[in-house]
Amino acid sequence: MTTTGSLRELADLQAFSADPFTTMQRLYRDNGAISTVGAGPMRFRVVLGTEASAYILANSHVFSWEAAFAALTPLTGRSALLVNDGDRHRRLRRLVTPAFTARRVADHLDTVTRHIETAVAEWAPGDAVDVYPALRRAMRLATLESLFGSAAMERSEGLDDWLRDIHRAIDTDVVGGSIERGSGSPVWRRALLARSSVHRWVSAEIERRATQDDPGNDVLGALLRGVDGARLTDDEITDQLVSLLEAGAETTAAQLSWLLYCTLRDRPLWTRITAAIAERHAVEPDPPGLDHVVSETMRLYPATAIISRTVATEFTLAGQRFAPGDLLIFSPYHTHRLESVWPEPHRFDPSRWDPGSERYRRPAPHEFLPFGVGPHRCVGANFATMAIKAAFTAIARRIDGELMTTDARPVGLIGMHPSGGIVIRIDENH
Ligand code: HEM
């Protein structure tokens with residue numbers, strides 16, 4: 001590599017860390033499918049465009065998740081789904097998936113609605129409220145209750161702070177594995193302490209459950225019950241629950257905030273969708289159009305903006321060689337805004353998802369991937385989609401307001417959220 005080349009790659013790393021979203025657009029325009037960013041242990045390849053995404057998604061066997069996330073296992077635990085490969089991953093996944101079937105998830109929607117209602121009740125008419133922190137807290141509590149049951153909520157003091165500390169370390173760590181960690185950065189040290197507190201808390205919940213006759217209907221109960229006589233060990237269950245808490249709450253809260261932003265910004269759409277919700281009885285299915293609005297929000301603002309992979313087996317893509325150990329990232333955010341796939345890509349247009357509309361086009365899996373694709377596709381995708389819709393419905397039934405945030409900028413790569421929150425002036429007349 002020339003000195004000019006390496007200087008450019010370091011400058012690109014800086015640009016990527018400061019604003020990954022516009023930097024990806026520029027890298028794609030300047031370099032095409034593959035750009036090299038950074039140097040040494042902080043070197044990674046940004047792989048963009050549909051052909052490259054399709055290759056990555058069709059060739060899971062050339063990547064290792066274990067290698068990609070080895071540095072994170074002190075936080076996630078060794079048995080978390082995301083840090084395992086091959087047979088071990090398949091076994092874990094087979095035992096975790098039944099906890100997230102649509103039927104099981106439906107049991108948790110009242111919980112989501114209740115926590116959202118509590119948050120909304122705090123918003124007084126005339127107030128200008130940043131709804132993001134409140135929704136984030138509500139989704140954390142709802143996730144916690146769905147995982148551990150309502151009785152555990154009284155014992156959950158401290159958990160919220162610990163989870164925030166863990167999330168901060170994972171989110172800053174996602175590219176290159178060492179932006180913030182170093183050997184003892186304060187962010188990393190705090191997260192490690194938080195992890196051991198969460199681990200102790202979850203272990204105590206499992207022990208308490210062992211003394212009861214019925215394992216319960218929450219996710220912990222489903223994991224303890226197992227599948228066809230097989231179940232995870234207590235340690236494996238602890239690792240799942242810690243990572244489910246981390247993976248579930250931040251992403252869902254971020255996605256919900258973008259959903260509110262996108263709908264409140266389009267007043268005729270907001271009026272239409274809230275009227276359709278108001279006409280329905282609570283137990284009726286979603287009003288027509290809500291699915292399209294959710295998909296379109298996930299297209300423009302996917303809460304998981306980038307996904308990383310580590311190469312396990314050498315391959316060549318777009319004329320470039322990838323060697324074992326190389327880190328690469330690809331991006332739902334960037335893919336979802338490609339003009340070659342999405343006409344007027346930056347326009348929020350739910351009719352793209354309406355099979356009755358002439359704008360409708362069913363995307364291929366590598367063109368629309370808010371939950372990833374392949375063996376590690378989000379195990380909580382059902383939960384997330386149903387929870388977001390239940391939460392949005394609860395909000396739309398109770399508040400109206402004027403969106404004060406006019407130009408929300410995304411920040412964060414896992415749990416990509418609006419940097420200045422979403423400020424709404426709550427209407428007097430609702
Ligand atoms: C809108 C919300 C969500 C988004 C955008 C999202 C996105 C993703 C993505 C893109 C992946 C794939 C990562 C990869 O391929 O490397 C993933 C994996 C995962 N997600 Fe989600 N997720 C969301 C909500 C949830 C929820 C609610 C849960 C659980 C309660 C959850 C649990 C997980 C787990 C455990 C994995 C790892 C699966 C595996 O490695 O086999 N996620 N998620």
Side-chain angles (χ1 to χ4, degrees), residues 53 56-57 60 63-69 72 76-77 79-86 88-97 99-101 104-105 108-109 111-112 135-136 139-140 142-148 163 170 174 218-220 222-223 236 239-259 294-295 297-310 327-333 335-336 365-366 368-392 412-417:
S53 301
I56 294 172
L57 297 170
S60 300
F63 299 107
S64 165
W65 279 258
E66 199 176 329
F69 299 109
L72 286 183
T76 62
S79 301
L81 286 175
L82 199 58
V83 301
N84 280 279
D85 290 327
R88 187 161 151 73
H89 175 257
R90 267 189 291 280
R91 173 183 162 271
L92 293 167
R93 182 105 187 179
R94 193 175 67 83
L95 295 171
V96 173
T97 306
F100 292 99
T101 58
R104 283 216 170 272
V105 167
H108 303 308
L109 297 184
T111 305
V112 173
L135 296 179
R136 191 174 178 205
M139 291 315 277
R140 275 173 194 273
T143 308
L144 191 66
E145 190 172 332
S146 306
L147 295 182
F148 297 100
L163 291 171
I170 290 182
V174 71
D218 42 43
V219 173
L220 172 55
L223 295 179
E236 286 170 342
D239 285 354
Q240 305 318 318
L241 290 166
V242 173
S243 64
L244 288 170
L245 271 172
E246 159 62 24
E250 292 291 336
T251 44
T252 313
Q255 206 66 80
L256 176 62
S257 301
W258 289 117
L259 178 59
V294 170
S295 295
T297 305
M298 288 187 182
R299 182 185 73 80
L300 272 181
Y301 299 104
T304 304
I306 68 159
I307 305 178
S308 62
R309 295 275 184 269
T310 292
L327 177 74
L328 63 84
I329 67 162
F330 63 108
S331 170
Y333 178 92
T335 307
H336 293 178
H366 63 272
F368 181 62
L369 49 151
F371 294 111
V373 180
H376 288 262
R377 184 179 187 273
C378 182
V379 80
N382 274 337
F383 183 100
T385 311
M386 291 172 78
I388 290 162
K389 288 196 287 188
F392 180 80
L413 294 171
I414 299 179
M416 180 187 82
H417 58 277

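Predicted, not measured: the structure shown is a model, and the values here were computed from it. Atoms within a ligand are numbered from 1 in the order they appear, just like the ligands themselves. Because only heavy atoms are used, hydrogens play no part in the values below, and waters and symmetry mates are left out as well, while side chains stay in.
Listed for the Thr385 side chain is no donor-acceptor partner under 3.5 Å among the backbone atoms of Asn382. Between the side chain of His336 and the backbone N or O of Leu369 there is at least one donor-acceptor pair closer than 3.5 Å. Side chain of Ser331 to main chain of Ala305: a donor-acceptor pair is present (N/O by atom type, distance under 3.5 Å, no hydrogens or angles). At least one donor-acceptor pair under 3.5 Å links the side chain of Trp258 to the backbone N or O of Met416.
Which parts of ligand 1 touch Trp65 is read off a 4.0 Å heavy-atom cut-off, strictly below it: atoms 16 (O). Close approach of ligand 1 to Pro370 is summarised as follows: ligand atoms under 4.0 Å from at least one heavy atom of the residue are 5 (C), 7 (C), 10 (C). Every atom of ligand 1 with a heavy atom of Phe383 under 4.0 Å away is listed here by number and element: 27 (C). Close approach to Ile307 involves these atoms of ligand 1, each under 4.0 Å from a residue heavy atom: 10 (C), 14 (C), 15 (O), 16 (O). Those atoms of ligand 1 with a heavy atom of His89 less than 4.0 angstrom away are 39 (C), 40 (O), 41 (O).
Residues Gly248 and Thr143 share a closest heavy-atom pair of C-OG1, 4.4 Å. When all heavy atoms of Thr251 and Thr304 are compared, the pair lying nearest together is CG2-OG1, 4.0 Å. Looking at every heavy atom in both residues, Asp218 comes nearest to Leu147 through CB-O, 3.5 Å.
Protein atoms of type N, O or S found under 2.8 Å from atom 21 (Fe) of ligand 1 total 1.
The protein heavy atom nearest to atom 15 (O) of ligand 1 is Arg309 NH2, 3.1 Å. The nearest heavy-atom contact from the protein to atom 30 (C) of ligand 1 is Phe100 CE2, 3.7 Å. Closest protein heavy atom to atom 29 (C) of ligand 1: Leu244 CD2, 3.7 Å.
Applying the side chain to side chain donor-acceptor pair (under 3.5 Å) rule to Glu66 yields no partners; only residues at least two apart in sequence or on another chain are considered.
Contacts between Leu82 and ligand 1 below 4.0 angstrom, taking non-hydrogen atoms only, involve backbone and side chain alike. Only the side chain of Arg93 comes within 4.0 Å of ligand 1, judged by heavy-atom distances.
Checked by distance only, ligand 1 and Ser308 stay at 3.5 Å or farther apart across all their nitrogen or oxygen atoms. Residue His376 places at least one N or O, backbone or side chain, under 3.5 Å from an N or O of ligand 1.
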Tell me, with the steps shown, if Leu328 and Ile56 meet side chain to side chain contact (heavy atoms under 4.5 Å, CB included).
-> CA-CA 10 Å; Leu328 63 84; Ile56 294 172; 3.7 Å; yes
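Side-chain polar atoms of Ser79 and Arg88 form a donor-acceptor pair below 3.5 angstrom.
The residue from Arg136, His417, Gln255 that alone fulfils the side-chain hydrogen bond (donor to acceptor under 3.5 Å, both in side chains) condition with Glu250 is Arg136.
Aromatic ring pairs are classed by plane angle as parallel below 30°, tilted from 30° to 60° and perpendicular above 60°; the pair Phe383 and Phe100 is perpendicular.
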